[in-house]
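In what follows, a single structure is set out as structure tokens and then discussed.
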Amino acid sequence: MRELFTDHELGVSVVGEQVPADGWAIYTPPTRKYTLVFIVNCQSRKVLLGLKKRGFGLGMWNGFGGKVEPGETVLRGAEECGLCLGHDDVRHAADFAIVYIDAAGRAAETIDCAVYAATAWHGEPVDTDEMRPEWVAVDHLPYDDMWADARHWVPEVLGRVLDGNKERLSIRVDYRGEDLAGWWIAAMPAEQ
């Protein structure tokens with residue numbers, strides 16, 4: 001079985017992994033790009049999550065964001081819940097690849113998602129026709145109502161934000177149908 005990467009090649013430290021039973025599919029260039037923003041209240045140790053009310057991910061809790069349209073910035077994610085963020089309020093917390101595997105074991109689709117975290121904002125969250133925002137304790141996230149991969153990487157991202165750790169994570173998850181086949185998380189050195 002071929003290794004996905006080596007720590008030496010990437011200059012990273014692997015945080016955790018579960019290799020798919022039949023190995024990793026070859027990564028293909030992304031067909032879609034998304035952003036995801038987690039708004040974190042460090043004092044109360046809560047994160048603002050949104051319950052998806054329609055469309056893709058219906059009934060699931062997640063951060064805010066979505067498909068990147070031409071001319072949009074990451075700050076759009078916060079606008080989905082009525083908050084305003086300044087560029088200095090947001091940091092790039094993770095690069096996240098979601099690979100959907102076909103029946104032959106090949107990557108049928110790859111989605112890249114840039115994950116951001118904000119610890120300062122203006123305004124109050126508002127319910128919209130797409131998402132219902134709610135502050136949730138970081139230690140009590142509703143993993144049973146989140147994507148299957150979330151329990152592996154979301155606590156790593158939020159833990160680093162709460163600790164003031166500036167390392168960026170590199171994350172890959174593979175799905176076969178709706179089943180999580182494997183996941184890999186590595187910490188990248190903090191940018192200077």
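This structure is a prediction, so every number in the text was calculated from the model and none was measured. Heavy atoms only: backbone and side chains are in, while hydrogens, waters and symmetry mates are out.
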Problem set entry | Test item: Lys53 side-chain N/O and Gly59 main-chain N/O as donor-acceptor pair under 3.5 Å |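 No, because the side chain of Lys53 does not come within donor-acceptor range (under 3.5 Å) of the backbone of Gly59.
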For this session: Find the distance between CG (Asp127) and CZ (Arg132) and round it off to the nearest 0.5 Å.
Result: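 Reported value, rounded in 0.5 Å steps: 7.0 Å.
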Heavy atoms only: give me the nearest [X]-[Y] pair and the separation to one decimal.
X	Y	value
Met131	Asn62	CE-O, 4.4 Å
Trp61	Met146	O-CG, 3.5 Å
Pro133	Leu48	CB-CD1, 3.9 Å
Leu36	Cys113	CB-SG, 3.8 Å
Ala94	Ile171	CB-CD1, 3.8 Å

Do [X] and [Y] have side chains that approach each other closer than 4.5 Å (heavy atoms only, starting at C-beta)?
X	Y	value
Val161	Thr119	yes
Asp139	Pro155	no
Phe96	Val173	yes
Trp153	Val157	yes
Pro20	Arg176	yes
Leu158	Phe38	yes

Exercise. Take atom CZ in Arg91; do more than 12 heavy atoms of anything else shown fall under 6.0 Å from it?
Worked result: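 Enclosed: over 12 neighbouring heavy atoms sit under 6.0 Å from CZ of Arg91.
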Problem set entry | Charged N-O contact under 4.0 Å between Lys52 and Asp145 |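 So Lys52 does not pair with Asp145 through a salt bridge.
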Exercise. Could you go step by step and tell me if Arg32 and Asp112 meet the salt bridge (Lys or Arg N to Asp or Glu O under 4.0 Å) rule?
Worked result: CA-CA 6 Å; Arg32 294 186 278 169; Asp112 277 355; over 6 Å; no
Exercise. Passes side-chain hydrogen bond (donor to acceptor under 3.5 Å, both in side chains), Asp174 versus Tyr100? Steps please.
Worked result: CA-CA 6 Å; Asp174 283 19; Tyr100 291 96; over 6 Å; no
Exercise. Between Trp183 and His152, how do the two ring planes meet: parallel, tilted or perpendicular, split at 30° and 60°?
Worked result: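 Trp183 and His152: parallel rings.
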